[in-house]
Amino acid sequence: ETGVTQTPRHLVMGMTNKKSLKCEQHLGHNAMYWYKQSAKKPLELMFVYNFKEQTENNSVPSRFSPECPNSSHLFLHLHTLQPEDSALYLCASRSGYSPLHFGNGTRLTVT
Amino acid sequence: DQQVKQNSPSLSVQEGRISILNCDYTNSMFDYFLWYKKYPAEGPTFLISISSIKDKNEDGRFTVFLNKSAKHLSLHIVPSQPGDSAVYFCAARVNDYKLSFGAGTTVTVRA
């Protein structure tokens, strides 16, 4: 149990599909993050939410749409994705100056 | 613009020997550095960190060294154990702002 739970663990979707990734943290943290990890590349920050407010959008294409209904839940809505969007999507949370606490990720494949 | 670089994508070391992982950075404003460890099918987990006011931090078998003049960070694992086989990410930040990650080094500890 990592304290940060991501579902689904694996997702295969076509380019015309709409799907959502879910993240839930049980650590009482007030900030939540979406990262993208492509093979052999650094983790790329996508979005940051502090106390449910989006504080960072790292030039992410609009086909990725985040939602943070409360401090414990974070979603990433996906639509009309491209094959190059296939990657591991990681959710993380933290409070204050603590290190990021990551979930196990969703392995996304776009066909 | 990749500000944190891990130039060795992989490292193989014999059990019981020392593993040395290297990380170089370009942003002289970075004031905090972290190492994360990632097993397959799991998210990264925090391993050890160091503030820019220090040049060494030790935690059990893990020691991080910081050379600010060279903009170089290293992680030493001694003795290396089979359970240390994983991908190790170096990360850095400025004033608690977003983390910049390296691409990772895959460590394989041979029995």
Side-chain angles (χ1 to χ4, degrees), chain A residues 1-11 21-27 29-50 54-60 74 87-108, chain B residues 1-11 21-27 30-53 57 59 62 64 73 75 86-107:
Chain A
E1 174 56 55
T2 65
V4 179
T5 304
Q6 289 187 243
T7 54
R9 293 297 309 275
H10 301 272
L11 178 62
L21 309 184
K22 179 182 177 182
C23 176
E24 182 175 2
Q25 58 99 357
H26 316 277
L27 301 168
H29 292 166
N30 53 35
M32 296 188 77
Y33 301 70
W34 279 117
Y35 278 86
K36 175 184 178 182
Q37 188 195 5
S38 302
K40 307 300 182 187
K41 290 186 178 180
L43 277 71
E44 301 173 45
L45 179 65
M46 300 176 72
F47 301 103
V48 181
Y49 279 81
N50 276 289
Q54 188 180 126
T55 56
E56 180 84 25
N57 177 336
N58 204 27
S59 302
V60 180
L74 185 65
L88 180 68
Y89 289 84
L90 290 161
C91 175
S93 69
R94 72 165 181 155
S95 280
Y97 297 102
S98 67
L100 289 173
H101 200 110
F102 285 90
N104 287 333
T106 294
R107 173 69 62 185
L108 174 67
Chain B
D1 179 27
Q2 196 172 331
Q3 299 186 72
V4 178
K5 294 183 180 179
Q6 294 176 256
N7 292 318
S8 296
S10 62
L11 171 70
L21 291 80
N22 294 303
C23 178
D24 296 298
Y25 60 94
T26 57
N27 188 344
F30 284 143
D31 60 2
Y32 199 72
F33 304 86
L34 305 91
W35 285 94
Y36 282 82
K37 175 180 178 179
K38 183 182 183 301
Y39 291 118
E42 294 184 12
T45 56
F46 169 70
L47 187 59
I48 192 170
S49 62
I50 188 168
S51 165
S52 60
I53 62 173
N57 189 26
D59 183 2
F62 302 91
V64 57
L73 188 70
L75 174 68
V87 179
Y88 291 79
F89 293 97
C90 172
R93 69 186 190 210
V94 179
N95 290 336
D96 200 40
Y97 193 49
K98 60 183 181 182
L99 281 176
S100 295
F101 283 87
T105 296
T106 301
V107 172

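The sequence lines fix the lettering, A, B, ..., with proteins before strands; numbering per chain opens at 1.
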S.K.: Go through the atoms of A:Leu43 and report whether side chain, backbone, both or neither lie under 4.5 Å from a heavy atom of chain B.
M.R.: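 Both parts, backbone and side chain.
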S.K.: Under the side-chain hydrogen bond (donor to acceptor under 3.5 Å, both in side chains) test, which residues partner A:Asn30, sequence neighbours left out?
M.R.: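 For A:Asn30, no residue satisfies side-chain hydrogen bond (donor to acceptor under 3.5 Å, both in side chains) once neighbours in sequence are set aside.
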S.K.: Can you name the residues of residues 43-51 of chain B that have some heavy atom under 4.5 Å away from a heavy atom in chain A?
M.R.: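 Heavy-atom contacts from residues 43-51 of chain B to chain A are B:Gly43, B:Pro44, B:Phe46.
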S.K.: Looking at residues at least two apart in the chain, or sitting in another chain, which of them share a side-chain contact (heavy atoms from CB on, under 4.5 Å) with B:Glu42?
M.R.: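 Counting only residues at least two positions away or on another chain, B:Glu42 forms a side-chain contact (heavy atoms from CB on, under 4.5 Å) with A:Asn104, B:Tyr39.
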S.K.: What side-chain hydrogen bond (donor to acceptor under 3.5 Å, both in side chains) pairs are there with at least one residue in residues 34-46 of chain A, not counting sequence neighbours?
M.R.: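 Found none.
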S.K.: Pick one of side chain, backbone, both or neither for A:Arg9, based on which atoms fall under 4.5 Å of a heavy atom in chain B.
M.R.: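 The side chain, not the backbone.
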S.K.: Taking atom CG of A:Leu100 and atom OH of B:Tyr36, what is their separation to the nearest 0.5 Å?
M.R.: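 Atom-to-atom, A:Leu100:CG and B:Tyr36:OH are 4.0 Å apart.
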S.K.: Let me know which of B:Gln6, B:Gln2, B:Gln3 forms a side-chain contact (heavy atoms from CB on, under 4.5 Å) with A:Pro42.
M.R.: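 Going through the options one by one, the only one that passes is B:Gln2.
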S.K.: If you count heavy-atom pairs within less than 4.5 Å of chain B, which of A:Ala92, A:Cys91, A:Pro99, A:Gly105 leads?
M.R.: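 Ranked by contacts with chain B, first place is A:Pro99.
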S.K.: Measure the spacing between NZ of B:Lys38 and CG of A:Leu88 and express it to the nearest 0.5 Å.
M.R.: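 Separation between the atoms: 5.5 Å.
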